[in-house]
*Asks:* 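For reference, the structure I am asking about is given below.
Chain identifiers are assigned alphabetically (A, B, ...) following the order of the sequence lines, protein sequences preceding nucleic acid strands; residue numbering begins at 1 within each chain. For the numbers below, each heavy atom of this structure counts, side chains included, while hydrogens, waters and symmetry mates do not.
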Amino acid sequence: MANLLWLQGGACSGNTMSFLNAEEPSACDLVTDFGINVLWHPSLGVELGDNVKKILLDCISGKIALDIFVFEGTVVTAPNGTGEWNRFAGRAMQDWVRELSKAATYVVAVGDCATWGGIPATAPNPSESRGMQFLKREKGGFLGDGFKSKSGLPVVNIPGCPAHPDWITQIVVAIATGRGADIAVDEFHRPKTFFQSFTQTGCTRNMHFAYKVSATEFGQRKGCLFYDLGCRGPMTHSPCNRILWNRQSSKTRAGMPCLGCTEPEFPFFDLAPGTVFKTQTVMGVPKDLPLGVDKKGYIALTGAAKNAAPAWAEQDLFVV
Amino acid sequence: MQNDQENALRNRIAKMMADGLQTQTEPFPETDREFGQLLAELRDLPAEDLKARLVVSGFVDKPYGPDQMRCQECMYYLVHRKWCDLPELAVPVEPDWWCRLWRI
């Protein structure tokens, strides 16, 4: 039996919606097959008012063992660091987060808002939002760079906008079944099992990437979305094309560019009209090249790839 | 469009440029916003106004600039069809041509 508590800060509930759609395992499987006791969840908890408060206080005091504390959304610290803009159960949510994080064996941040601040923390960030242990790429976040939960792990970050439901449930199951120590995290505290490979891994358009044939509009069944439509698949760590959404698709499979939502910078660039879904270039060369590729090598590779491109690469293929 | 038609149109474009058609090769759109403005300008042109489209997009019938940029390496160029696949242009081209919508 592992006790799980889920709270929500500055968020749209997108990760809750995602979590409730989990399939491998499902949210119900967590309870029935893996012995997880959901103490409270914003969309599932039946307690209200003082009864919720009592659960939280009991977790903090140790009366209830808090094995997994999941936080969704940003930690809102406005105004002036008080956190009063986001009150919950009679006090600032940030105070609950601070004390529950100290009490928990494992702390899991779900979604971009909880991990790096996501959209709410984008400048000018009026709610003074922070991620649990990061603000964008900057280490620290609300809990501070040195924070470690009782397990010895920092906050386990499961980013995404939203996070894929199975990433959430599989990490929770790993913890609940005593395999929490096996969770290896990268420099941004993302579980390596999910975030070591790139979105491009498993993309059905990889041949078009190799032969430098570009898609020019959304939904086209041919061409790579990187060259023109701003796809961030070659530089984004995620398994979106390995662990498919709804078990059958992904953004790139549907002809939609990867937005890079599992990386700390999301959302990217200045978001001004004309800059979204467009590959940013300097003199016709992409500003952001696939990770590990330099400009000179990229240009040489492009010339060679174009010369070698087979005729089928130009055809309208059904790639889903 | 059939291959014969594409060849005929390619020849027509080649002749226009060989006859000295002056196109706007500069300024090269250095930012994506400038690139978008050029695309918007192209979209506003009548589809049948080939000459205006060539002028706005800055076509030349030889490689361009210190890096000798050319259609052959451009992202929009379809090698086997000898075709510019940028929706706002969508014209047959030769591999050694260039225009200021070039991207790699």
*Asks:* If you define the side chain from C-beta out and look only at heavy atoms, does anything of B/Leu78 sit under 4.5 Å from A/Val213?
*Replies:* yes
*Asks:* Please check this pair: side chain of B/His80 against backbone of A/Ala309, looking for a donor-acceptor N/O pair closer than 3.5 Å.
*Replies:* yes
*Asks:* Report the distance from atom CD of B/Glu73 to atom CG of A/Asn307, rounding to the nearest 0.5 Å.
*Replies:* 7.0 Å
*Asks:* Measure from the side-chain N and O atoms of B/Arg103 to the backbone N and O of A/Thr279, and report whether any donor-acceptor pair falls under 3.5 Å.
*Replies:* yes
*Asks:* Evaluate the criterion side-chain contact (heavy atoms from CB on, under 4.5 Å) for residue pair A/Lys212 and B/Ile104; output intermediate values, then yes/no.
*Replies:* CA-CA 9 Å; A/Lys212 312 293 174 198; B/Ile104 194 168; over 6 Å; no
*Asks:* Under 4.5 Å from any heavy atom of chain A, what part of B/Leu101 do you find: side chain, backbone, both or neither?
*Replies:* neither
*Asks:* Quick check for you: among A/Pro310, A/Cys224, A/Gly303, which has the greatest number of heavy-atom pairs under 4.5 Å with chain B?
*Replies:* A/Pro310
*Asks:* Taking CZ in B/Arg12 as the centre, count heavy atoms belonging to other residues, nucleotides or ligands within less than 6.0 Å. Is the count above 12?
*Replies:* no
*Asks:* State whether the number of non-hydrogen atoms from other residues, nucleotides or ligands found under 6.0 Å of B/Asp44 atom CG is greater than 12.
*Replies:* yes
*Asks:* For A/Lys306 and B/Met75, work out which heavy atoms get closest and say how close.
*Replies:* NZ-O, 3.6 Å
*Asks:* Which bit of A/Tyr298 is near chain B, if near means a heavy-atom gap under 4.5 Å: side chain, backbone, both or neither?
*Replies:* side chain
*Asks:* So, taking the atom named CD in A/Gln220 and the one named CG in B/Asp85, what distance separates them when rounded to the nearest 0.5 Å?
*Replies:* 7.0 Å
*Asks:* Would you name the heavy atoms of A/Glu314 and B/Arg81 that are closest together and state the gap between them?
*Replies:* OE1-N, 3.4 Å
*Asks:* For the CE atom on B/Met17, are there more than 12 heavy atoms of other groups (residues, nucleotides or ligands in this structure) within a distance under 6.0 Å?
*Replies:* yes
*Asks:* A/Thr216 and B/Leu86: which non-hydrogen atoms are nearest, and at how many Å?
*Replies:* CG2-CA, 4.5 Å
*Asks:* I'd like to verify something: which residue of B/Tyr77, B/Trp102, B/Tyr76 has the highest number of heavy-atom pairs under 4.5 Å with chain A?
*Replies:* B/Tyr76
*Asks:* Heavy-atom count check: over 12 atoms from other residues, nucleotides or ligands less than 6.0 Å from B/Glu26 CD?
*Replies:* yes
